[in-house]
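Since the structure comes first, as structure tokens, the remarks are kept for the end.
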Amino acid sequence: MIEAKKKFGQNFLKNKDILQKISDSIEVSESDLIIEIGPGMGALTNFLAQKGCSLLCYEIDQRMKDYLNSYVCDKVQILYGDFLKRNVKADIEKIPYRQVYVVSNIPYYITTPILLKLMDLDCFTSIVLLVQKEYGERVVAKEKSKNYNALTLLVDYGYNSEIIMDVDKRNFTPVPKVDSVVLKLNKKTPLGVDKEKYISFIKMCFKNKRKTLKNNLSLEAFIKIKEKLRSLGYSENVRAEEIRREDYKELFLFLIK
């Protein structure tokens with residue numbers, strides 16, 4: 001057993017029933033590809049390798065080689081290095097696949113950078129991540145809840161999200177300070193608006209959650225969407241967290257007319 005390194009954010013999931021359920025959360029064919037980020041000693045890798053499809057793992061900790069090399073075969077590759085620095089599209093272009101998935105227990109401290117990179121790649125049918133409970137609740141949050149924020153809308157641009165399982169912190173070694181959830185993102189038809197401009201608009205709306213939308217946006221922008229806000233049933237003093245996901249697209253389209 002290798003001792004977990006804090007600098008890599010390592011917490012090893014040891015419950016085999018949970019590992020099996022995570023593996024079972026996606027249905028794949030032999031012509032598909034799974035990407036695993038941070039396989040560690042291969043607890044989840046063991047289950048994913050049995051699915052019969054191609055498997056590509058990214059591991060930053062060279063100490064794991066003795067554990068992971070046993071999985072290497074025609075369909076399983078292990079790449080050592082920082083996933084955030086890899087050209088993933090170049091890594092997978094030589095692997096024949098029909099659909100590609102991500103299934104991973106990722107380091108909590110870099111959850112957002114990893115998630116943003118995965119969404120920017122925009123090639124995954126489903127993304128299944130073991131994340132901190134609070135983080136997962138932010139992704140799936142509904143309007144008027146304390147967890148509803150810019151991240152919620154960012155993910156919603158291209159994915160439907162759901163929490164498929166709660167994972168108690170006692171299932172990890174070492175035991176982290178917080179509980180976790182298994183978050184599943186399923187690709188959907190994108191909103192059909194300029195992604196960069198839309199995300200910039202969302203970030204502006206949520207710039208300060210305590211302030212109203214009117215105070216977060218420029219005066220020019222707010223004047224432009226004020227009429228649309230009324231038609232959607234909102235007052236001028238509405239806060240960003242009170243606006244429904246689907247209405248943000250309507251406001252954005254009205255703004256860029």
Side-chain angles (χ1 to χ4, degrees), residues 26 84 88-89 99-102 106 110-129 131-164 181-257:
I26 57 166
L84 292 173
V88 177
K89 288 195 173 179
Q99 296 186 93
V100 58
Y101 300 81
V102 175
I106 59 176
I110 50 171
T111 298
T112 295
I114 288 176
L115 183 56
L116 291 178
K117 178 165 184 169
L118 293 175
M119 291 192 295
D120 283 343
L121 288 165
D122 195 32
C123 61
F124 304 107
T125 300
S126 294
I127 299 171
V128 179
L129 301 175
V131 300
Q132 284 187 348
K133 185 173 183 179
E134 181 182 356
Y135 193 94
E137 289 174 345
R138 285 169 58 198
V139 173
V140 304
K142 303 297 183 185
E143 67 274 4
K144 298 182 181 179
S145 74
K146 66 176 183 178
N147 291 314
Y148 188 69
N149 64 7
L151 176 67
T152 312
L153 278 298
L154 175 61
V155 174
D156 186 65
Y157 179 88
Y159 291 88
N160 291 316
S161 60
E162 61 177 325
I163 290 175
I164 58 175
V181 295
V182 179
L183 176 68
K184 185 174 184 181
L185 310 180
N186 291 313
K187 191 166 179 57
K188 68 177 183 180
T189 303
L191 293 181
V193 296
D194 184 293
K195 184 177 180 180
E196 287 188 16
K197 290 181 180 178
Y198 178 74
I199 296 305
S200 178
F201 170 65
I202 293 301
K203 288 180 178 179
M204 200 184 309
C205 291
F206 281 90
K207 186 167 58 175
N208 189 325
K209 285 191 71 175
R210 294 184 179 182
K211 292 185 177 181
T212 63
L213 196 66
K214 182 178 182 178
N215 288 325
N216 280 337
L217 296 176
S218 68
L219 180 59
E220 180 184 3
F222 184 77
I223 288 173
K224 197 163 184 181
I225 67 168
K226 186 164 65 170
E227 178 186 330
K228 190 63 178 178
L229 271 174
R230 287 201 197 102
S231 71
L232 292 170
Y234 301 107
S235 75
E236 285 189 24
N237 294 320
V238 67
R239 286 183 167 82
E241 67 217 44
E242 299 173 307
I243 298 175
R244 296 179 293 272
R245 297 181 185 209
E246 59 271 21
D247 290 340
Y248 272 106
K249 177 183 175 181
E250 299 300 317
L251 292 171
F252 177 72
L253 288 173
F254 206 78
L255 179 63
I256 62 173
K257 273 185 179 179

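Index from 1, following the sequence.
Other residues, nucleotides and ligands contribute only 12 or fewer heavy atoms inside 6.0 Å of the NZ atom of K214.
In this structure, the side chains of F206 and L153 come closer than 4.5 Å at one or more pairs of heavy atoms. Annotation: side chain of L185 is in contact with side chain of L115 (closest heavy-atom distance under 4.5 Å). Counting heavy atoms from C-beta outward, V238 and L229 have side chains that approach closer than 4.5 Å. For the pair V181 and E162, the minimum side-chain heavy-atom distance is 4.5 Å or more. The side-chain heavy atoms of F124 and L118, taken from C-beta on, include a pair separated by under 4.5 Å. In this structure the side chain of Y234 reaches within 4.5 angstrom of the side chain of I243, judged on heavy atoms. With contacts defined as side-chain heavy-atom distances shorter than 4.5 Å, the pair L183/V128 does not qualify. Residues K188 and Y159 form no side-chain contact, since every pair of their non-hydrogen atoms from C-beta on lies 4.5 Å or further apart.
For residues 196-206, no pair satisfies salt bridge (charged side-chain N to carboxylate O under 4.0 Å, His left out), with sequence neighbours left out. Listed by first then second residue, pairs satisfying salt bridge (charged side-chain N to carboxylate O under 4.0 Å, His left out) with a partner in residues 134-146 number zero, not counting sequence neighbours.
Judged purely by distance below 3.5 Å, without hydrogens or angles, the side chains of N186 and S126 pair a donor atom with an acceptor atom. Counting only N and O atoms by type, the side chains of Y135 and T112 include a donor and acceptor under 3.5 Å apart.
Taking CG of L219 as the start and NZ of K226 as the end, the distance is 8.5 Å to the nearest 0.5 Å. The OG atom of S235 sits 5.0 Å away from atom CG of N237, with the distance rounded to the nearest 0.5 Å. Note: N215 CG to R210 CZ = 14.0 Å, rounded to the nearest 0.5 Å. To the nearest 0.5 Å, atom CD1 of residue I26 and atom CD1 of residue I127 are 11.5 Å apart. Distance check, rounded to the nearest 0.5 Å: CD1 of I164 to NZ of K184 gives 6.0 Å. Rounding to the nearest 0.5 Å gives a distance of 10.5 Å between OH of Y148 and CD of E242.
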Practice prompt. Go through the steps to decide whether I225 and L213 satisfy the test side-chain contact (heavy atoms from CB on, under 4.5 Å), and finish with yes or no.
Written response: CA-CA 10 Å; I225 67 168; L213 196 66; 4.1 Å; yes
Practice prompt. Starting from the C-alpha separation in whole Å, work towards a yes-or-no answer on side-chain contact (heavy atoms from CB on, under 4.5 Å) for T152 and V139.
Written response: CA-CA 5 Å; T152 312; V139 173; over 6 Å; no
Worksheet item: Where do L217 and C205 land on the side-chain contact (heavy atoms from CB on, under 4.5 Å) test, with the steps shown first?
Response: CA-CA 6 Å; L217 296 176; C205 291; 4.0 Å; yes
Worksheet item: Between L84 and I114, does a side-chain contact (heavy atoms from CB on, under 4.5 Å) hold up when you go through it step by step?
Response: CA-CA 7 Å; L84 292 173; I114 288 176; 3.9 Å; yes
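For the pair K195 (side chain) and G158 (backbone), a donor-acceptor distance under 3.5 Å is absent.
The two atoms that bring M119 and L154 nearest to each other are CE-CG, 3.9 Å, heavy atoms only. When all heavy atoms of R244 and L232 are compared, the pair lying nearest together is NH2-O, 3.4 Å. Taking every heavy atom of both residues into account, V155 and S161 meet most closely at CG1-CB, 4.5 Å.
Using a 4.0 Å cut-off between charged side-chain N and carboxylate O, D247 and K228 make no salt bridge. Ion pairing of E241 with R239 is absent here, as no side-chain N (NZ or NE/NH1/NH2) approaches a carboxylate O to less than 4.0 Å.
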Please tabulate, for side-chain N and O atoms in residues 248-257, each donor-acceptor pair with protein atoms closer than 3.5 Å (sequence neighbours left out).
residue : atom : partner : partner atom : Å
Y248    : OH   : A240    : O            : 2.6
K249    : NZ   : L191    : O            : 2.8

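Classification of the Y198-Y157 ring pair by plane angle, with boundaries at 30° and 60°, yields tilted.
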